[in-house]
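Whatever order the structure lists them in is the order used to number ligands and atoms, beginning at 1. No hydrogens, no waters, no symmetry mates; every other heavy atom, side chains included, goes into these values.
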Amino acid sequence: MAAVLSIQNLVKVYPSGTRAIDDVSLDIEHGEFVVLIGLSGSGKSSLLRCINRLVEPTSGHVIFEGADITRARGGELRRIRRRIGMIFQQFNLVRRTSVLSNTLAGRLGYRSALRTIIGRPSREDVAAAFENLGRVGIADKAFARADALSGGQQQRVGIARALMQHPELMLADEPVASLDPATSHSVMKYLEEINKKDGITVNGKVAFDGKPDAIDERRFKEIYGEDAVEVEIGPSRVTDSMSAAEAAALALAQDSTTAAAKLGLPDR
Ligand code: ADP
Ligand code: MG
């Protein structure tokens, strides 16, 4: 099966000399929900940002639907970026602007969306914005200012904005780390639903590649240190064909609070 995303021998060395990504290779199939786990500073954000080149990789390749993102320039890079949605931990909304405008900005792609408030949207775009806000349950907040919303509601605007791109791949960098446990749960549910219903591949945090039975206490302690507690994954839902990442995602989707706490996710 062709991977939607193929990361090949990716290396990122920052000018400071920090080797944030050290020869990482990873294939992500269509429709997968992949969760990257790793200590704070282990390179999760760098990896996600190298995928859409918000961070320039030092070497290696990122192949998205057959196109080498690492070689793309100008218009080609913009076209590829439009097919990849991104959701940020801090939401990155234009705070003093309406929820509707923030959502509409997704039409431009997240990069310009961060800086731009668009002028006159088309009727179709407005209809699409309302539909996407409806999907995440906040259509009634369309005319509220973004900064008048709760954290969970703001993140839902972030999701609606990303959906405006009709992305084939959604990158989410600690999308619930700023939220309280109950709110985290509902935001993860929306991401799960997008993944299942739209078939959008969701790449959250981390990669830890292997079968679920490889997630044993020893492996977790290797990743998180001696104080880590292994995540509990309901045995009935975990099959041999399920990857560790899928199992972790499932655990997060089932009970994001517990799973996140047990995984000892960083930056909280
Ligand atoms: P994570 O998201 O897993 O916490 P990051 O990708 O943010 O990890 O960071 C990985 C490493 O790269 C860390 O050592 C961090 O300090 C370093 N790093 C991240 N961004 C930059 C940057 N823009 N310039 C220099 N070093 C960076
Ligand atoms: Mg990070």
Side-chain angles (χ1 to χ4, degrees), residues 5 7-26 28 33-62 64 69-70 77 81 84-93 110-111 114-115 151-152 154-155 158-159 161-162 169-181 183-184 187-188 191 201-210 215 219-231 243-245 248-249 251-252 256-257 259-268:
L5 191 73
I7 296 169
Q8 301 167 359
N9 305 107
L10 198 69
V11 172
K12 174 63 190 178
V13 181
Y14 285 104
S16 58
T18 301
R19 183 171 280 262
I21 306 173
D22 189 10
D23 195 21
V24 167
S25 295
L26 176 71
I28 292 168
F33 192 122
V34 180
V35 177
L36 296 174
I37 53 176
L39 283 174
S40 185
S42 61
K44 304 177 298 293
S45 294
S46 299
L47 181 63
L48 287 184
R49 284 162 178 266
C50 278
I51 291 173
N52 53 26
R53 296 227 343 244
L54 287 179
V55 162
E56 280 299 329
T58 303
S59 63
H61 296 276
V62 177
F64 173 65
I69 300 181
T70 35
L77 180 58
R81 278 199 181 127
I84 302 177
M86 187 146 192
I87 298 170
F88 303 86
Q89 177 180 338
Q90 297 301 340
F91 326 132
N92 291 358
L93 302 181
Y110 51 83
R111 199 157 197 198
L114 299 184
R115 300 189 179 86
Q154 289 190 43
Q155 189 57 295
I159 295 174
R161 179 181 62 195
L169 174 69
M170 190 85 96
L171 304 172
D173 193 357
E174 310 228 18
V176 299
S178 314
L179 306 177
D180 64 76
T183 311
S184 299
V187 167
M188 287 306 290
L191 289 177
T201 307
V202 178
N203 186 348
K205 338 184 332 153
V206 182
F208 155 62
D209 232 358
I215 308 182
R219 282 306 295 271
F220 263 93
K221 288 189 171 160
E222 276 170 18
I223 298 172
Y224 290 111
E226 286 303 311
D227 294 337
V229 182
E230 187 182 353
V231 63
S243 71
L252 280 173
S256 58
T257 329
K262 287 183 178 167
L263 283 166
L265 296 183
D267 303 342
R268 272 177 169 270

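At least one donor-acceptor pair under 3.5 Å links the side chain of Ser184 to the backbone N or O of Asp180. Without hydrogens or angle criteria, Lys12 side chain to Glu56 main chain gives a donor-acceptor distance under 3.5 Å. Panel note: side chain Gln155, backbone Phe88; a donor-acceptor pair is recorded below 3.5 Å. Counting only distance, with no hydrogens or angles, the side chain of Arg81 and the backbone of Asn52 share a donor-acceptor pair below 3.5 Å.
For atom 8 (O) of ligand 1, the nearest non-hydrogen atom from the set Gly43, Gly17, Cys50 belongs to Gly43. Looking at Gly41, Ser46, Ser42, it is Gly41 that brings a heavy atom closest to atom 13 (C) of ligand 1.
Counting backbone and side-chain atoms alike, Gln89 contributes no N/O/S atom closer than 2.8 Å to the Mg ion (ligand 2).
With hydrogens and angles left out, the side-chain atoms of Tyr14 and Thr58 include no donor and acceptor closer than 3.5 Å.
Numbered from 1 in the order shown, with element, the atoms of ligand 1 that lie under 4.0 Å from a heavy atom of Ala20 read 10 (C), 11 (C), 12 (O). Set against the non-hydrogen atoms of Thr18, the atoms of ligand 1 under 4.0 Å away are 11 (C), 12 (O), 14 (O), 17 (C). When each atom of ligand 1 is checked for a heavy atom of Ser16 under 4.0 Å away, the hits are 25 (C), 26 (N).
Going from atom CD1 of Ile87 over to atom CG of Asp173 covers 10.5 Å, rounded to the nearest 0.5 Å.
If you look at Ser45 next to ligand 1, the close heavy atoms, those under 4.0 Å, come from the backbone and the side chain alike.
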